[in-house]
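Working notes for the structure below.
Source: prediction; values computed, not measured.
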There are 2 protein chains.
Amino acid sequence: MAARPAYLRPVPAISARDHVATELERIGTVVTAVRGMTVIEEDCAAEYVFKVVAGALRAVRLLPDGRRYVTKFLLPGDYFGFSEGESYGQSVEVVGDATFIRYSRSSFDALLARDPAAGRRFFGVVCGELCAAQERLLLLGRKSALERLATFLLGMADRSIAATPGENNEVHLPMNRSDIADYLGLTVETVSRLLTQLRHHRIIDLPTSNHVVFLKREELETISCGER
Amino acid sequence: MAARPAYLRPVPAISARDHVATELERIGTVVTAVRGMTVIEEDCAAEYVFKVVAGALRAVRLLPDGRRYVTKFLLPGDYFGFSEGESYGQSVEVVGDATFIRYSRSSFDALLARDPAAGRRFFGVVCGELCAAQERLLLLGRKSALERLATFLLGMADRSIAATPGENNEVHLPMNRSDIADYLGLTVETVSRLLTQLRHHRIIDLPTSNHVVFLKREELETISCGER
DNA sequence: CGCGTGCTTGAACATTATCAAACAGTGTGG
DNA sequence: CCACACTGTTTGATAATGTTCAAGCACGCG
């Protein structure tokens, strides 16, 4: 088997073999997109809902003066494009070549309208997203730069495919320093400095700038929840 | 009519007169709670879902060392207690004496299971919450202290009852400085200093410490989105 | 080989936090 | 009714964390 980085290994389009999954399969189209492409543009008509199959994307919001915030990194299994109103609330761009499934909003809505199981399913999905967002509000509101970075690294490790959460000891980071900084509410320089600081303390290793190895996972965990 | 502050004026328990509302009405119990009470405790079994009728509450998350973050202020019309798993993800405490409706999780789930309209409704509600959370991620990640405060004041004005959004020129703040600080990821001192700064620039007035009057709304709006 | 992009490192600076103290408003008990 | 205590707010001086600006380095690509 070819040595593809984990984030590029595809996962099955639909994981749970239930009837909601079958219905979704019927209405979805598989799409691939290359690095840098914009999949969704903020304030444009919300015509589709998506699910990531492989690769990585980022959800982005901008301030009028150009300051950028990365709301979320989208990895295999994640949905995106949900919106309450007529238009999308944020842009979504491709970080590393990605494959995803596209569902038209009208057929998605029709599914919700006729099938209570689908409604409950997606209600749960969005509740989970909301909970994750709250976790990040805590991170941005009350954690130090180092704590944010440690939390991020552990979180990425837990989210990577085919990893037992809490046990994965290396991560490939599909995004660059600038994306990480904008995700953690820091600057590129600070992210870079803290990574080298962790490296000098032999808590992580950085074989390449996108490949992180945890040398002392427990210590990272201690840092991440602010216990020092 | 008694001069009750707007945040204590009750709103109808159920606003939209549709059949989902009727179903909800059947399964809800009205509850009142006094200032300081804990309605939901983080990590406890998620047995109920709630909807605020009057008053104000705060959703809170804690770090092991005691740092606190206020995830959201809950005002009349807001739902709370949604959770993906078995337990709540955050605590909810009463800020100003509150009245709310309590729905048991099992009857709420049953409603979702039999009624597609209910599923869609709450899917939409949670999507809206998610969007608001993303707005706040941008605020915490990329806005300055002053920008955060301006955004907060305008946001509270828009959310107060019986106000035309964008036109309300005064707000009563049911929460104290410490709550505001924990909501904006700042300290009490910074919040206080920035409020007096806005007052000295005659952008707001503070007849009492919880009553804010907008003297130059446009300027607040300019500040809030970082255009200066 | 040279260019470009992204990453790292350093020095000076700014913003916001921390520590400390004074002040205001409210309720309680003498 | 006043003194007192309590809580919440404001203000000041100092310090820390993270930013900004600037330059050098590394890797990949034409």
Query raised in the report: Which residue pairs pass the salt bridge (Lys or Arg N to Asp or Glu O under 4.0 Å) test with at least one member in residues 29-43 of chain B, sequence neighbours excluded?
Result: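 Counting only pairs at least two positions apart or across chains, the salt bridge (Lys or Arg N to Asp or Glu O under 4.0 Å) contacts touching residues 29-43 of chain B are E42(B)-R61(B).
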Could you tell me how far apart [X] ([atom1]) and [N] ([atom2]) are, to the nearest whole angstrom?
X       : N       : atom1 : atom2 : result
L194(B) : dT15(C) : CG    : C1'   : 11 Å
R142(B) : dT20(D) : CZ    : C1'   : 13 Å
R177(B) : dG8(D)  : CZ    : P     : 12 Å
K143(A) : dA17(C) : NZ    : P     : 18 Å
R148(B) : dA17(C) : CZ    : P     : 8 Å
N176(A) : dT8(C)  : CG    : P     : 11 Å
L146(B) : dT15(C) : CG    : C1'   : 12 Å
L149(A) : dT8(C)  : CG    : P     : 11 Å

Query raised in the report: Cationic tip of R102(B) within the cone over Y48(B)'s six-membered ring, i.e. under 6.0 Å and within 45° of the normal?
Result: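 Yes - R102(B) lies over the ring of Y48(B), closer than 6.0 Å to its centre and within 45° of its axis.
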Query raised in the report: For dT9(C), does either OP1 or OP2 sit under 4.0 Å from a side-chain N or O belonging to T196(A)?
Result: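 For dT9(C), OP1/OP2 do have a side-chain N/O of T196(A) under 4.0 Å.
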Query raised in the report: dT9(C) phosphate, OP1 or OP2: any side-chain N/O from R193(A) under 4.0 angstrom?
Result: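 It does not, given that no N or O in the side chain of R193(A) lies less than 4.0 Å from OP1 or OP2 of dT9(C).
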**Report entry** Sugar-phosphate or base contact per nucleotide [nucleotides 23-30 of chain D; S, B, -; heavy atom under 4.0 Å]
**Finding:** --------
Query raised in the report: According to the interplanar angle, ranging from 0 to 90°, do the rings of F50(A) and F100(A) count as parallel (below 30°), tilted (30 to 60°) or perpendicular (above 60°)?
Result: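 Rings of F50(A) and F100(A): perpendicular, as their planes differ by over 60°.
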**Report entry** Check: N168(A)/S160(A) side-chain N/O donor and acceptor closer than 3.5 Å
**Finding:**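 Distance-only check passes for N168(A) and S160(A).
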Query raised in the report: Is there a residue in residues 179-192 of chain B whose heavy atoms reach under 4.0 Å of DNA chain D, and which residues are they?
Result: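 Residues of residues 179-192 of chain B that come under 4.0 Å of DNA chain D are, in numerical order, E189(B), S192(B).
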Query raised in the report: Would you say the base of dT9(C) and the side-chain of R199(A) have a donor-acceptor pair closer than 3.5 Å?
Result: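 No, no donor-acceptor pair under 3.5 Å.
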Report task. Confirm from the modelled atom types if R67(A) and dT19(D) form a donor-acceptor pair under 3.5 Å, side chain to base only. Result ->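 It does not, because no donor-acceptor pair links the side chain of R67(A) to the base of dT19(D) below 3.5 Å.
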Query raised in the report: With sequence neighbours left out, what residues match E221(B) under salt bridge (charged side-chain N to carboxylate O under 4.0 Å, His left out)?
Result: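 If we apply the salt bridge (charged side-chain N to carboxylate O under 4.0 Å, His left out) test to E221(B), skipping adjacent residues, the hits are R217(B).
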Report task. Sequence neighbours left out, what passes salt bridge (charged side-chain N to carboxylate O under 4.0 Å, His left out) with D78(B)? Give chain and number order. Result ->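 In terms of salt bridge (charged side-chain N to carboxylate O under 4.0 Å, His left out), with neighbours along the sequence ignored, D78(B) is linked to R159(B).
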Query - With R199(B) via side-chain hydrogen bond (donor to acceptor under 3.5 Å, both in side chains) - residues at least two apart - result: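 By the side-chain hydrogen bond (donor to acceptor under 3.5 Å, both in side chains) rule, R199(B) matches no residue at all.
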Query raised in the report: Is the centre of the Y79(B) ring less than 6.0 Å from the centre of the F122(B) ring?
Result: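 Here the rings of F122(B) and Y79(B) have centres that are less than 6.0 Å from each other.
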Report task. Test salt bridge (charged side-chain N to carboxylate O under 4.0 Å, His left out) on R142(A) and D182(B) and set out the steps. Result -> CA-CA 8 Å; R142(A) 287 294 174 236; D182(B) 286 342; 2.7 Å; yes
